Amino acid sequence: MKLLALCFALSLHAQSIAPPNTIAAGASYLTSGPSRLAGTGLLTFGSSTTQAFAVLDAVPTTKAPITVTSNLGLGIAQRVFGIGRVSFWIPTAAGVSWTGKSVGWAWDSGALASIQTNSSWRIMPNVRFLKSSISNSNYQLIAGVLIGWGW
């Protein structure tokens with residue numbers, strides 16, 4: 001019985017580091033492109049070690065008039081390790097990219113840190129690269145911060 005209680009307590013602690021479900025949004029900085037500011041949204045489902053997720057990046061491709069390339073990817077994130085209230089993840093996603101009537105593919109990967117601020121809220125700095133067949137033939141480096149809420 002004590003062993004069962006210990007296993008239950010350990011599983012609760014692991015879930016407090018990275019909740020199984022999280023929704024987050026934030027701003028991202030691009031290292032190249034006509035406009036350096038982009039938006040990112042994230043939705044995750046899973047366990048404290050492996051999570052399925054959907055990520056949406058809105059990346060400006062022209063300045064005047066403004067044109068945005070949307071990249072929607074589905075993927076898996078694996079928890080690499082944790083230190084105190086911070087857990088480190090490697091996400092990889094693939095999906096669709098579109099601008100107006102142009103549709104193509106996109107994929108991205110990188111690293112994300114999930115910092116627990118209280119029982120539900122997270123700050124998630126991340127560095128990723130994004131490759132889209134629509135707007136840019138090169139890889140784009142994206143650094144951003146997401147604010148997330150987990151349940």
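Owing to the predicted nature of the structure, the values given are computational and were not obtained by experimental measurement.
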### Message
Taking I66 as the starting point, is it possible to reach L30 by hopping between hydrophobic residues whose side chains are less than 4.5 Å apart?
### Response
no
### Task
Give the minimum heavy-atom separation between N118 and W121, together with the two atoms involved.
OD1-N, 3.0 Å
### Task
Please examine the side chains of W89 and Q51, heavy atoms only from C-beta on, and report whether any two atoms are closer than 4.5 Å.
yes
### Message
Is there a continuous path of hydrophobic side-chain contacts, each under 4.5 Å between heavy atoms, that joins I123 to I23?
### Response
yes
### Derivation and outcome, side chain to side chain contact (heavy atoms under 4.5 Å, CB included), residues I134 and W98
CA-CA 7 Å; I134 297 296; W98 70 92; 5.8 Å; no
### Message
Please tell me whether V127 and V86 are part of a single hydrophobic cluster in this structure, the criterion being side-chain heavy atoms less than 4.5 Å apart.
### Response
no
#### Entry: Flag, side chain of S120 to backbone of W149, donor-acceptor distance under 3.5 Å
no
### Query
If you look at every heavy atom in N138 and K131, which pair is closest and at what distance?
N-NZ, 3.9 Å
### Task
Quick one: closest heavy-atom pair of A24 and M124, and the distance?
CB-CE, 3.2 Å
### Query
Got a second to check how far T92's OG1 is from D108's CG, nearest 0.5 Å?
7.5 Å
### Interatomic distance, S114 atom OG to F88 atom CZ [nearest 0.5 angstrom]
10.0 Å
### Query
Any idea which heavy atoms bring S97 and S132 closest together, and the distance?
OG-OG, 2.7 Å
### Query
From S47 OG over to R79 CZ, what is the distance, rounded to the nearest 0.5 angstrom?
10.0 Å
### Under 3.5 Å donor-acceptor, R36 side chain and T31 backbone
yes
### Query
Under a 4.5 Å side-chain heavy-atom rule over Ile, Leu, Val, Met, Phe, Trp and Tyr, are V59 and L72 clustered together?
no
### Query
What distance do L42 atom CG and I147 atom CD1 have between them, rounded to the nearest 0.5 Å?
12.5 Å
### Query
Does L130 belong to the same Ile/Leu/Val/Met/Phe/Trp/Tyr cluster as L37, with side-chain heavy atoms less than 4.5 Å apart forming each link?
no
### Query
Can F129 and S109 be said to form a side chain to side chain contact (heavy atoms under 4.5 Å, CB included), step by step?
CA-CA 6 Å; F129 63 84; S109 188; 3.6 Å; yes
### Query
Which atom pair, heavy atoms only, marks the closest approach of Q78 to T50?
OE1-OG1, 2.9 Å
### Query
Under 3.5 Å, is there a donor-acceptor pair between the side chain of R85 and the main chain of Q116?
yes
### Task
Give a yes or no on whether the backbone of W105 and the side-chain of S133 come within a donor-acceptor separation of less than 3.5 Å.
yes
### Gap separating the CG atom of L43 from the CG atom of L56, nearest 0.5 angstrom
11.0 Å
### Query
Is there a donor-acceptor contact under 3.5 Å linking the side chains of T69 and T99?
yes
#### Entry: Nearest atoms (heavy-atom pairs only) where A54 meets L74
CB-CD2, 3.6 Å
### Query
Which value, rounded to the nearest 0.5 Å, describes the distance between R122 atom CZ and T44 atom OG1?
9.5 Å
